[in-house]
Amino acid sequence: MPDLGKYADAVLSSYAASLVLLSLLVAITLYQGRKARRALEAVERKGNDRG
Amino acid sequence: MKALLARDLALALRAGGGFGLGLAFFLIVTVLVPLSVGPQSELLARIAPGLLWLGALLACLLSLDRLLALDWEDGTLDLLATSPLPLEAALSVKALAHWITTGLPLVLAAPVLGVLLNLPAPGFFWLVISLLLGTPALSVIGSFGAALTVGVKRGGLLMSLLVLPLYVPTLIFGAEVARRGAVGMETQTPLLMLAGITLGVIAIMPFASAAALRVNLR
Amino acid sequence: MKALLARDLALALRAGGGFGLGLAFFLIVTVLVPLSVGPQSELLARIAPGLLWLGALLACLLSLDRLLALDWEDGTLDLLATSPLPLEAALSVKALAHWITTGLPLVLAAPVLGVLLNLPAPGFFWLVISLLLGTPALSVIGSFGAALTVGVKRGGLLMSLLVLPLYVPTLIFGAEVARRGAVGMETQTPLLMLAGITLGVIAIMPFASAAALRVNLR
Amino acid sequence: MSLAVTDLCVARGGVPVLTGISFDLAAGQVLILRGPNGSGKTTLLRTLAGLQPPLSGQIEGAEDQIAYAAHSDGLKSMLSVDENLTFWAQVFGRKDIDAAIEAFRLGELRRRLAGTLSAGQKRRLGLARLLVTGRPIWMLDEPTVSLDVDAVAMFARAVRAHLAQGGAALIATHIDLGLDDAQVLDVGPFRASPEDLAGASDEAFL
Amino acid sequence: MSLAVTDLCVARGGVPVLTGISFDLAAGQVLILRGPNGSGKTTLLRTLAGLQPPLSGQIEGAEDQIAYAAHSDGLKSMLSVDENLTFWAQVFGRKDIDAAIEAFRLGELRRRLAGTLSAGQKRRLGLARLLVTGRPIWMLDEPTVSLDVDAVAMFARAVRAHLAQGGAALIATHIDLGLDDAQVLDVGPFRASPEDLAGASDEAFL
Amino acid sequence: MSVTEPKTQPKRPSGFWSYANPVKFLALSERILPTLWWLSVICLAVGLIWGFFFTPDDFRQGSTVKIIYLHVPSALMAINAWFMMLVASLIWIVRRHHVSALAAKAAAPVGVVMTLIALVTGAIWGQPMWGTWWAWDPRLTSFLILFLFYLGYIALWEAIEDPDTAADLTSVLCLVGSVFAVLSRYAVNFWNQGLHQGASLSLDKEENVADVFYFPLLVAIAGFVLLFLALVLYRTGTEIRLRRTRALLAREARL
Ligand code: HEM
Ligand SMILES: Nc1ncnc2c1ncn2[C@@H]1O[C@H](COP(=O)(O)OP(=O)(O)OP(=O)(O)O)[C@@H](O)[C@H]1O
Ligand SMILES: Nc1ncnc2c1ncn2[C@@H]1O[C@H](COP(=O)(O)OP(=O)(O)OP(=O)(O)O)[C@@H](O)[C@H]1O
Ligand SMILES: [Mg+2]
Ligand SMILES: [Mg+2]
């Protein structure tokens with residue numbers, strides 16, 4: 001851990017905030033992607049069952 | 001009643017439902033203030049508590065016209081009036097749904113916007129408290145305005161005109177709490193007044209609104 | 001086209017038509033500002049030109065949702081689109097009608113409200129000039145927002161969200177003219193920019209609006 | 001359950017439009033209101049449904065008994081067919097919407113947003129709402145507007161089923177609904193003459 | 001003046017509803033569109049009127065020839081009957097509204113605000129609008145909704161007069177209009193099958 | 001009349017534009033996405049760890065320079081994401097490729113988050129440097145306005161039911177918005193003089209940051225670019241699948 005001196009709060013909180021925002025974005029993206037994939041598969045399977 | 005609340009919330013979340021738009025409006029007004037009065041931060045800090053309250057009030061006001069007008073246009077209100085639900089209850093529920101979708105997000109967003117306007121540090125707490133106490137009154141009073149003007153096509157602006165004077169006491173005490181809080185003065189008196197107004201309004205206003213709505217349905 | 005203008009003006013003057021409501025809103029916002037930021041007259045004088053511009057902008061914005069939504073709901077827009085009148089012309093005429101019923105009264109009322117906010121004496125002239133030059137741009141940009149959101153039920157607030165950032169340049173230059181005028185500084189540069197924006201917007205925006213409206217009618 | 005109307009006088013826009021209307025509607029009966037455009041059928045139905053006060057006369061047995069279907073349907077275009085019906089069922093304290101879906105063959109449209117339905121499909125949904133109210137007296141204002149022949153028959157079946165369960169219906173319409181045993185009330189003869197101003201809001205100024 | 005439609009495919013909400021529609025409409029002819037609810041009549045009329053683009057196929061002779069009357073009437077409730085008609089006359093570059101007033105017997109209502117008319121009276125006003133457009137091809141979507149028997153006859157007379165002057169009409173309706181010499185196009189057989197996706201916006205995704 | 005004309009087969013585009021076909025696009029993105037994810041994670045990790053742990057403090061700004069590795073890349077991406085949306089909107093308007101419209105839709109939320117990160121890190125940086133969280137500096141203000149444009153754009157997509165209508169309207173908004181965003185930039189510059197740093201990545205060595213900060217910064221920027229590409233590609237795939245689900249359901253409803 002580097003010594004951040006008196007600005008530790010600022011540096012750490014900006015890293016924390018950015019990483020949280022980025023990982024939220026990635027998580028939401030992956031979640032939505034999975035959901036869409038599942039929904040599509042369900043519909044495609046139903047279509048195939050029918051004929 | 002639960003059904004009505006659930007439906008109103010669902011509608012607000014659907015396309016064009018307006019959830020978050022009040023918030024966006026609040027944000028935009030806050031951004032436009034420095035653009036119009038100039039960027040000096042000491043000036044902004046002085047007017048911040050008042051203008052944040054004013055912004056929240058306007059955001060609340062603007063989403064009011066969805067409260068009843070949509071249900072009026074498609075005949076839902078006629079049908080609700082002939083249903084077993086008393087109109088007073090229906091209107092209270094609708095005001096509650098309005099607060100949840102508009103007032104509450106405003107309260108939560110206010111501190112962030114406080115940063116933009118250089119709100120002094122002690123002001124944040126009092127701003128949130130005063131908004132939390134005051135916005136329910138705004139929704140309930142607003143539902144009265146909506147009930148009065150529901151028959152008028154695009155009554156939105158007329159409603160603003162009727163409702164704004166009714167908002168004056170809430171605004172005065174609410175902004176006073178935030179302003180005193182920001183400069184570290186005692187806030188108890190206006191806070192009590194604000195709470196009193198909100199409670200009184202919640203207890204009595206639905207009856208006035210229901211009466212107004214009944215006349216309009218006639 | 002003359003028929004459309006005459007009809008829009010007549011409708012605005014009828015019950016519920018909204019003529020004067022923009023004005024009333026402007027008045028009330030101006031009155032609420034001292035109530036929310038406190039009554040110190042030197043503070044008010046400093047923020048007066050900016051807040052008057054902001055108030056005018058909001059008043060203009062709020063009456064925008066009548067611009068097209070009513071005609072959309074009752075099918076008039078469908079019928080207009082199949083009529084010999086080009087949509088671009090129809091939209092320009094509607095923006096003009098909006099300016100006559102909203103922008104112009106605001107310009108005329110601004111000096112009176114300036115008194116309420118202790119606007120310094122030289123500011124009156126520049127306030128009126130800047131509003132006179134700027135409000136047509138507000139109406140025209142607004143008609144674009146209205147055309148974008150006309151399909152959305154009660155799109156009023158969504159429209160505000162879309163239109164407000166588009167209003168930023170007009171607001172900045174307009175308020176700058178008023179502010180500089182009030183303190184006796186030179187106003188030529190922002191005034192020219194304001195005029196440029198207004199002219200450009202009037203020349204080009206109707207095409208964008210008509211394109212958006214055609215998509216919405218589809 | 002029975003509705004009794006005695007010497008009713010109704011007004012619209014401060015002007016009386018119909019006077020001296022009396023009739024009884026008992027369980028199992030259906031009454032068709034007829035009359036040329038503008039004769040006051042809509043006004044009469046709104047008065048009976050309690051949406052506006054009568055100028056004079058009595059209405060008995062209407063309180064909390066009426067399901068009213070107006071020219072417009074009270075549908076939310078942003079909610080699905082299912083959600084629309086469920087909402088109204090809950091408002092009237094009921095749960096089951098399947099019977100209504102069944103009766104108006106909305107099964108295939110259940111998931112569709114009401115806003116994307118065609119005019120006739122919307123109307124069918126509006127009529128299905130009547131079934132979930134559980135109210136005994138139906139008051140319908142031109143219910144078959146924009147319905148095709150099949151759907152009109154569907155509607156007639158639903159009305160007959162309702163009557164068989166002890167319900168009653170009051171229907172304003174211009175076309176033939178295929179309800180054979182219906183009584184007909186032509187409102188034409190009850191048109192108010194300019195003298196019938198007793199109680200109208202303009203009266204005080206005459 | 002004649003309208004020629006060739007192999008038209010129309011869509012609503014990105015889904016094709018009708019395909020392979022072809023017909024000619026010459027001066028003096030009237031074509032009645034029939035089909036169950038939701039079969040796509042409204043969609044077809046909107047496409048022909050130029051309000052939405054067709055998926056494929058040609059429409060000839062429609063440009064600036066069409067007076068369209070939709071489910072809703074485009075009336076301003078705050079303007080009087082006279083003002084409403086005058087406005088539309090001016091938009092279409094004409095002056096005289098007396099013939100239209102005459103044809104739909106609106107004489108007594110001229111000064112009344114459109115908002116205070118009954119459902120049928122409003123509809124009559126909406127139809128009178130067609131007469132002031134001076135356009136040769138009328139496209140009407142269920143024009144007789146909420147009209148009484150007299151008014152339907154009035155409407156049939158107006159259509160016949162229009163045809164006699166060399167006009168044409170395309171009418172979607174579920175009821176009998178009493179226009180004897182009308183051809184009928186049942187859109188039922190033209191329903192698009194799920195395979196007919198040529199050009200539909202969904203096609204790329206299937 | 002029974003002359004049935006042969007149905008003209010639409011010309012299948014080849015080359016670059018063939019990837020505008022949703023199915024081909026999905027296949028392609030499926031192939032390159034894993035690589036892209038890994039590359040972006042590696043670049044981000046290297047850039048940020050290098051920057052955070054292994055660079056010295058600046059003589060004036062102290063350890064706060066470390067914020068630059070987040071602030072500058074996210075600010076750059078925020079602007080570039082809007083630019084990408086503008087290009088995609090133009091392609092949609094001119095050539096009507098669905099993938100292009102959906103890519104614009106997919107990029108918007110990524111753009112907002114980038115804008116937010118730039119705003120938040122900037123605000124946190126401002127506290128020690130300028131003594132305030134926020135100042136109405138022109139660059140900051142125009143960024144806030146950009147944020148609003150993003151919000152409006154997303155709200156418009158959300159509000160409109162029909163996807164093609166939404167694509168058309170948002171494209172028009174994006175075009176008009178871009179013009180006004182540039183106008184606002186000038187207006188804001190006129191309105192207030194700034195506190196903010198000038199461009200420090202310019203080729204003009206005089207103004208440039210020192211090399212110790214420069215190289216990790218470049219790696220971090222590469223990481224942000226790659227992450228942006230991966231996210232947009234993936235999200236576009238999601239949008240395509242949603243569209244396809246919708247289309248299939250609609251077809252089924254008609255069976
Ligand atoms: C909320 C506040 C802030 C915002 C919105 C903001 C925005 C931006 C933007 C948009 C850029 C990229 C400009 C470009 O490359 O063209 C940038 C770069 C930069 N910012 Fe900030 N900034 C903020 C606060 C700060 C603060 C407080 C500092 C430090 C004192 C700072 C230092 C820098 C530096 C050093 C660059 C790199 C300059 C360059 O590469 O062009 N920023 N900022
Ligand atoms: N504000 C008003 N002032 C005067 N007359 C009015 C007003 N509002 C409505 N009327 C008239 O009241 C009469 C009754 O209207 P109502 O809607 O009840 O007729 P209706 O029988 O339902 O006709 P329709 O079959 O056309 O629906 C009509 O002649 C109408 O023109
Ligand atoms: N957004 C949408 N998505 C899917 N299907 C839709 C959408 N909007 C409309 N439809 C369907 O398109 C079909 C055609 O509708 P249209 O309004 O043209 O029918 P219509 O023949 O006019 O019916 P009606 O006689 O009931 O007026 C209907 O089945 C309708 O449900
Ligand atoms: Mg009626
Ligand atoms: Mg139809």
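All chains are named by letter (A, B, ...) in the order of the sequence lines, taking the proteins before the strands, and each is independently numbered beginning at 1. This structure is a prediction, so every number in the text was calculated from the model and none was measured.
- Between C:Met193 and F:Phe190, the closest side-chain pair of non-hydrogen atoms is not below 4.5 Å.
- Atom CG of C:Leu166 and atom OG of F:Ser184 lie 8.0 Å apart (nearest 0.5 Å).
- Neither the backbone nor the side chain of C:Leu164 comes within less than 4.5 Å of any heavy atom in chain F.
- Most heavy-atom pairs under 4.5 Å with chain C, from the set F:Asp168, F:Val176, F:Leu183, F:Leu169: that is F:Leu169.
- With a 4.5 angstrom heavy-atom cutoff, C:Val201 touches chain F only via side-chain atoms.
- In this structure, C:Tyr167 has its ring center no closer than 6.0 Å to that of F:Phe180.
- Heavy-atom minimum distance, C:Pro169 versus F:Ala187: CA-CB, 4.1 Å.
- Your options are F:Leu175, F:Val179, F:Thr165, and the one with the most heavy-atom pairs under 4.5 Å with chain C is F:Thr165.
- Atom CD of C:Gln188 sits in a sparse spot, with 12 or fewer heavy atoms from other residues, nucleotides or ligands closer than 6.0 Å.
- Using a 4.5 Å heavy-atom cutoff, the side chains of C:Leu162 and F:Leu173 are in contact.
- How far CG of C:Leu161 is from CG of F:Leu148: 7.5 Å, rounded to the nearest 0.5 Å.
- Atom OG1 in F:Thr170 sits 9.0 Å away from atom CG in C:Leu148 (nearest 0.5 Å).
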